Every structure is written in structure tokens, then in C-alpha cells.
Amino acid sequence: MQCNNPDRKQTRIGLSTVETEHSLTGDALGLPLVRRVAVIRSQAASRVTWHSHPRIEALFLLEGATAYEFADGRTVELPGGHFLIVPRDVRHRGLHDVRKPVQLCGVMFDPRGKQAARQAPFTRAELGWLDRQFARGAIEPCRMGAELRRLVRTLNQQVIAGTSASETAAASLRLTLCATLLQAARQLTAPRALPPTRTVQTVIDFMESHLAEPLAMDDLAREANCSRARLFQIFKDATGMTPNHYLQRLRIQRAQTALASTDEPVTSIALRCGFSTSQYFSNVFRKHFGLTPSDFRRRER
């Protein structure tokens, strides 16, 4: 099906860099169930201020890790490989107005809409079931299983390609979107938090106890008693991040705590948390928070 609405692609200036977003509307796809689907890729922190939507929002985080806070005071950590359902009309934002570097797919949809069943493979009763499932699983991270990750990656590729990629691109997108929502609803009946495997947890514990040291992949693979390639695969599957990115996140988190709770010099914190120089630490910190370490400390005091 050919759509008259053009595909939307934009680059936004975030706190410190360019964020790329590709999005399509449900009108452009001929799928009233969906209001909008967007793929966001950012290499540094971007600003996400207080907002709400009159529809359900599903946030599928493929890579990176970020956090959201809600008007009722809840704070939710969303790691890579997980998804989060935000209910209708619930005010939320990135923690401290910031979304960290991520690869994210977001879908806004409404199973209650008058035209929601049009061109969707769901009956009215099935749409009601979807609505109840998403209400039950709201505002609690759920790990994506292998099939859901595959669907979300396919959806990302299709949204980036747009509806002009082929004569059947819009139809393929409609099918992938509906399959993604169905699989997400099914997964909400599974346990929310699956613990890391023993190997992954062993590596995380090793990282946390050696943050000040210059750890290499060989060190981590040796601790895990597996090859570098195998460690990379199982670690990213469990956390949504490579071991090196996860290690950097742990270092930044420890530095963040020290900046907020002590008067220790920034250079001392940087070295104690495993950064080779204070300049490198400042660059990495700004990438994650959109602020220099000194500015962050002043804001927290």
C-alpha cells in the first residue's frame, strides 16, 4: 500500500550532540491502532522533560541503559534488552530531564480506539485483552525474550527504511508492529526480572570490585572462564550492553554518587573510579548526563 504521508526523519540537538530519530504515523501506515512509531539513536545524553500521552506508550530499549521518573515519585531503571509500558496520561520524564545514550524504539498505540481493529489482525475482544495486559504490566521493566528482540530489531530496520522502501513496505510494517505488540503483551505474563546468568553476574561482581583498575576484555573473559566472543554475546544478551559499556556505566554511577555525597576533588574521584584522566572523565560524564562533573555537583547540592 502506498502512503501519501512522507516518512519522517529528523536530527535533534540534544544536551551535547545530535540525536537521530526516524518516525512514522499510524495514518501513514494505514493502521489506526498505532498513533506513532519512532526509532531513536543517540550517542550522548538528550533532554526528555515532563510529558504525557493520551495513548499507551511502549518503550523497547535495545542498547544502552536509562532511567525515567514519574509524577507519583517512582523512578524506574530501564536496562538494554528490556521494555517499559507507560499508561495513558501518566506524566513522566527522563531522570533529571535526561535520557542517556540509547538505541530505543517507541510505539504509541490505543487498543480502545474506534478504528483500532481496521487493518489490524485483532478482533475487538482481542484488542480488549491487549489493553488489559498492558495495563497490568505498566511502569515495570520487563525483559525482552529472543523473539521479541528479533521483532523489535526488524521493526527498527523497517521504520528506518520507511514506507517507500518497496510496494509492500507499509503492509510489512503493519504486520511487524502488530506482532511486536502481541509478543510484548504475552511477555508481560512472564516473570518481570530475570536474574543474570551466573557467568554474567560473576563478571559484574568482578567489575565492581576492580573499578579503579584498567580492566581489559581478556581480564573479564578469564574471570568468566570463556572466550572473549562468548562473553560478548552472553553479556550483551543479558544486559543490552557490551562488557566495556557496562563497565563504563558502573564507573560513572560510582562517580555520580561520590560527586553528590562528598567534597572529594573531581580528579581524585575520576582516578578512583577507573578513569585515566580528569579530562576523559569529564567527557564521558557529560555524554551520560549532559553536564560536567562540577556542574552536576552544584546541581545536587
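What you are looking at is a predicted structure, and each value in this text was computed from that prediction instead of being measured.
- Judged purely by atom type and a 3.5 angstrom limit, E300 has no side-chain atom pairing as donor or acceptor with the backbone of A260.
- A distance-only check finds a donor-acceptor pair linking the side chain of H82 to the backbone of G80 [under 3.5 Å].
- Hydrophobic clustering, with ILVMFWY side chains joined whenever heavy atoms are under 4.5 angstrom apart, keeps I139 apart from L95.
- F109 and F134 have perpendicular rings, their planes meeting at more than 60° on a 0 to 90° scale where under 30° would count as parallel.
- Under the 4.5 Å side-chain criterion, counting only non-hydrogen atoms from C-beta, T242 is in contact with F232.
- Contact between A38 and S23 at its shortest, heavy atoms only, is CB-CB, 3.8 Å.
- Atom CD of E147 sits about 9.5 Å away from atom CZ of R186, to the nearest 0.5 Å.
- The heavy-atom pair separating A58 from I85 by the smallest distance is CB-CD1, 3.7 Å.
- K287 places a side-chain heavy atom less than 4.5 Å from the side chain of P101.
- Among all heavy-atom pairs drawn from T267 and S278, the shortest one is OG1-CB, 3.6 Å.
- Residue N225 places its CG atom among 12 or fewer non-hydrogen atoms of other residues, nucleotides or ligands, all under 6.0 Å distant.
- F206 approaches S209 most closely through the heavy-atom pair O-OG, 3.1 Å.
- For D295 and T292, the side-chain atoms include at least one donor-acceptor pair closer than 3.5 Å.
- Under a hydrophobic-cluster definition in which Ile, Leu, Val, Met, Phe, Trp and Tyr are linked whenever side-chain heavy atoms come within less than 4.5 Å, directly or via other members, F122 and L188 are assigned to the same cluster.
- Judged by distance alone, the side chains of Q233 and D237 never bring a donor and an acceptor atom under 3.5 Å apart.
- A cation-pi arrangement is found for R249 relative to Y246, the charged atom lying closer than 6.0 Å to the ring centre and inside a 45° cone about the ring normal.
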Could you walk me through whether L182 and W129 pass the side-chain contact (heavy atoms from CB on, under 4.5 Å) test, one step at a time? CA-CA 10 Å; L182 178 59; W129 177 83; 4.0 Å; yes
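- Residues L130 and L177 share a hydrophobic cluster, clusters being chains of Ile/Leu/Val/Met/Phe/Trp/Tyr side chains in contact below 4.5 Å.
- The minimum heavy-atom distance between P214 and D219, with the atom names listed, is O-OD2, 4.0 Å.
- H92 and E57 share a donor-acceptor pair across their side chains, judged by distance under 3.5 Å alone.
- Just one residue in the list H53, R88, Q115 forms a side-chain hydrogen bond (donor to acceptor under 3.5 Å, both in side chains) with D110, and that residue is R88.
- When atom types are taken as modelled, the side chain of T176 and the backbone of L155 share no donor-acceptor pair closer than 3.5 angstrom.
- The salt bridge (charged side-chain N to carboxylate O under 4.0 Å, His left out) with D131 is formed by just one residue from the set R112, R55, R124; it is R112.
- In terms of modelled atom types and a separation under 3.5 Å, the side chain of T123 and the main chain of E126 share a donor-acceptor contact.
- The SG atom of C178 sits 5.0 Å away from the CG atom of L31 when rounded to the nearest 0.5 Å.
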Test salt bridge (charged side-chain N to carboxylate O under 4.0 Å, His left out) applied to R272 and E264, step by step: CA-CA 11 Å; R272 182 166 61 80; E264 186 178 357; 2.8 Å; yes
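- In terms of heavy atoms, C142 sits closest to Q187 at SG-O, 3.6 Å.
- Of the possible polar contacts, one joining the H51 side chain to the T49 backbone as a donor-acceptor pair under 3.5 Å is found.
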The test is side-chain contact (heavy atoms from CB on, under 4.5 Å); show your working for L78 and F83 and say whether it passes. CA-CA 7 Å; L78 185 61; F83 69 98; 5.7 Å; no
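- The environment of R297 atom CZ is dense: over 12 non-hydrogen atoms of other residues, nucleotides or ligands sit within 6.0 angstrom.
- Between R254 and L211 the shortest side-chain heavy-atom distance falls below 4.5 Å.
- Taking CG of N156 as the reference point, atom CD of Q103 lies at 5.5 Å (rounded to 0.5 Å).
- For the atom pair CG (L291) and CD (Q256), the distance works out to 10.5 Å, reported to the nearest 0.5 Å.
- With rounding to the nearest 0.5 angstrom, the CD1 atom of I269 is 15.0 Å from the CZ atom of R251.
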Evaluate side-chain contact (heavy atoms from CB on, under 4.5 Å) for C105 paired with L62, printing each intermediate quantity in order. CA-CA 8 Å; C105 180; L62 283 171; 5.6 Å; no
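- F285 has its ring centre no less than 6.0 Å from the ring centre of F275.
- Side-chain contact between L104 and R99 is present, with at least one heavy-atom pair separated by less than 4.5 Å.
- In this model, no donor atom of one side chain and acceptor atom of the other lie less than 3.5 Å apart for N244 and Q248.
- The same ILVMFWY cluster, assembled from side-chain heavy atoms under 4.5 Å apart, contains both F60 and L29.
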R41 and E63: side-chain contact (heavy atoms from CB on, under 4.5 Å), yes or no, with the steps? CA-CA 9 Å; R41 292 180 175 179; E63 296 185 8; over 6 Å; no
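- Partner V203 forms a side-chain contact (heavy atoms from CB on, under 4.5 Å) with one of T239, L231, I234 and no other, that one being L231.
- Using modelled atom types, no side-chain atom of S46 and backbone atom of S42 make a donor-acceptor pair closer than 3.5 Å.
- Inspection of the T75 and E69 side chains reveals no N or O donor paired with an N or O acceptor under 3.5 Å.
- To the nearest 0.5 Å, the span separating NE2 on H210 from CG on L215 amounts to 7.0 Å.
- Under the 4.5 Å side-chain heavy-atom criterion for Ile, Leu, Val, Met, Phe, Trp and Tyr, I160 and L151 are members of distinct hydrophobic clusters.
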